[in-house]
Amino acid sequence: MFVLEGVGKTFANGFVALRDLHLRIAPGERVALLGPSGAGKTTLLRLLNATLRPTAGRLTIAGLDSRHLHGKRLRQVRRTIGTIYQQYNLVPRLRVVHNVLAGHLGRWSGWRAALSLLHPLQLDTAVAALQHVGLADRLWQRTDQLSGGEQQRVAIARVLVQDPAVILADEPVASLDPGLAEGIVRLLVDLAVQRQKTLVVSLHHVPLARAYFPRLLALQQGRLVYDGPPQGLSAAAWQALFAEAPLPAAAERAHVRPVTAFPL
Amino acid sequence: MRRHGWSLLLGLSLGALTVWSLLDTGLSLPALLGAEGRRQMALFVQRLFPPDLSPALLRQVGQRALETLAVSFLGTLLAVGLAAGLLGGATRTLVQGAAFAEAVPRGKLRRLGQALAYGSARALLTLFRAVPELIWALLFILVVGLGPFAGVLALGVHTAGVLGRLFAEVLENVDRRPCEALQALGASRLQVFLYGMLPQALPELLSFALYRWEVNIRAAAILGFVGAGGLGQQLFVALNLFLHQQLLTLIAATLGLVILVDACSALLRRLLV
Ligand SMILES: Nc1ncnc2c1ncn2[C@@H]1O[C@H](COP(=O)(O)OP(=O)(O)OP(=O)(O)O)[C@@H](O)[C@H]1O
Ligand SMILES: [Mg+2]
């Protein structure tokens, strides 16, 4: 599905976020991406979903070199990759139904899209997707009235409607409380298993990653420092990995995201 | 130290500007508040009474007031249409396709085209709003003749310049993260606009349009001075023919109209925004 050969990403301001990544993710694989804050997890996922382009090396998505993706072809590739972000996935002022139906946009023409805002099209797909995540009764509610966890499930419903070959999730549970977190991860994993989708999830919570993913990737300061099964590294080694995080960032993180209170 | 210097410079410049403006406009307090000035004012106010409330005049004023209302409303509507038409070029994030991530390296020609589209849309908007409504009205009277239609066109064009820029800035400043998410699932530029940018921006866009309607009802009342219909035309005649008793009726009608539109606008804002 993805092949990275010496991929690097240097931002316009000169900051090197990723360097020399070699890695290959096969269709149907389930991979967890771990690493301290600032390690480059989000950047890697934005490369994989063709939002950013590598500045070094070669990234192939489903056999296509990302450097040569433009216009229509780029849209087609993006259509096959569904992404769930940590937050701000959804348009807050839109009703839930439209946020979910937005999953069709890669297939819909501009006219269909506009029409659907006035009179929702393929409503049954939205209903089915929301049923799957247990939010069928929220169809007509405004999205910003939902709680964080509910919004995350709406984002998953949108991916269900999109029906991509790959699901990427960037710390999908970082802003949720621990009880909800496991539920969301399980939802994603079940989905990937049942419908044979490739799943790449960045996580902060090592136990969750070890419990649900056969393959773990660890990033540290933009480099890949581990790629293998959960058994390959001891709990202590994981702890050491995260201890590398620069302190001020860790403190800031603890302030905004209660999830760091987890035992790592 | 440095900041102090700048504040001082700014203060002095403002002071100098004020003094120069006072001298240049020939402002004189005695002329305004002296015995002669006061006498003239009292005389003018006296002549306004009693207001002319004859049915014939009232009917005419009513008609003109409705005309003014229609001009202000249609003018604002036209402005919203024109501004919307130019938004695709005037909004930076819409011109550059991949604005929600990083600029995709594209051909030089393509970038030049984008810069040209953006530059010309913005320049057109600047031209629209730099020329005052009254001048636009004079111009359109030459084209379509005297009457309210010229007023609608004049208000429409000038206001399009104002609203176009405001709209573009609102759209450029929406939260980009939901838009990036839409782009990432394969949405086209138009779809990102419809599903991501517009819903976020709509309350502000409406609010600006309603505010401009309030401004335009005042402007529409004046447009008649140059022959573009409405209350202004009659106000102009009454002033020039010294029909002072009609004048009070007309001023009252204008005031009533302004209050009415402000109230309508407030109501709509509460309902829609
Ligand atoms: N557009 C950008 N321009 C410059 N630097 C950036 C940009 N985006 C991200 N970075 C930097 O790249 C580094 C990696 O960022 P990234 O968001 O990928 O980290 P992360 O592993 O997802 O961290 P977190 O766990 O905090 O989300 C950070 O230091 C960040 O400041
Ligand atoms: Mg991140």
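By convention in this document, chain letters (A, B, ...) are assigned in the order of the sequence lines, proteins followed by strands, and residues within each chain are numbered from 1. Every value quoted in this text rests on a predicted model; they were computed, and no experiment measured them.
Looking at A/Arg158, the atoms closer than 4.5 Å to chain B (heavy atoms on both sides) all sit in the side chain, from C-beta outward. Contact annotation for B/Leu190: only side-chain heavy atoms (C-beta onward) come within less than 4.5 Å of a heavy atom of chain A. For chain A, the nearby parts of B/Leu194 are the backbone and the side chain; heavy atoms of each come within less than 4.5 Å. When heavy atoms are compared at a cutoff of 4.5 Å, A/Ala50 does not approach chain B at all. Residue contact with chain B, scored on non-hydrogen atoms closer than 4.5 Å, involves the backbone of A/Ile81 exclusively. The parts of A/Ser116 that come within reach of chain B are both its backbone and its side chain, each placing non-hydrogen atoms under 4.5 angstrom from that chain.
Counting heavy atoms from C-beta on, the side chains of B/Pro199 and A/His98 never come closer than 4.5 Å.
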Could you check B/Glu180 against A/Arg46 for side-chain contact (heavy atoms from CB on, under 4.5 Å), going step by step and ending with a plain yes or no? CA-CA 10 Å; B/Glu180 184 185 313; A/Arg46 289 170 87 211; 2.9 Å; yes
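Of the residues listed (A/Arg75, A/Arg112, A/His104), the one engaging B/Gln191 in a side-chain contact (heavy atoms from CB on, under 4.5 Å) is A/Arg75, and it is the only one. Just one residue in the list A/Asn49, A/Leu105, A/Val159 forms a side-chain contact (heavy atoms from CB on, under 4.5 Å) with B/Leu185, and that residue is A/Leu105.
Considering only heavy-atom pairs separated by less than 4.5 Å from chain B, the leading option among A/Gly103, A/Ala113, A/Ala155 is A/Ala113.
Remark: A/His119 NE2 is loosely packed, at most 12 non-hydrogen atoms of other residues, nucleotides or ligands lying under 6.0 Å away. Residue B/Arg218 places its CZ atom among more than 12 non-hydrogen atoms of other residues, nucleotides or ligands, all under 6.0 Å distant. More than 12 heavy atoms of other residues, nucleotides or ligands lie within 6.0 Å of CZ in B/Arg122, so this atom counts as buried by the packing criterion. When the shell of 6.0 Å around CG of B/Leu142 is examined, it contains more than 12 heavy atoms from other residues, nucleotides or ligands.
Atom CZ in A/Arg78 sits 11.5 Å away from atom OG in B/Ser188 (nearest 0.5 Å). Atom OG1 in A/Thr51 sits 6.0 Å away from atom CD in B/Gln183 (nearest 0.5 Å). One finds the CG atom of A/Leu117 at 4.0 Å from the OH atom of B/Tyr195 (value rounded to the nearest 0.5 Å).
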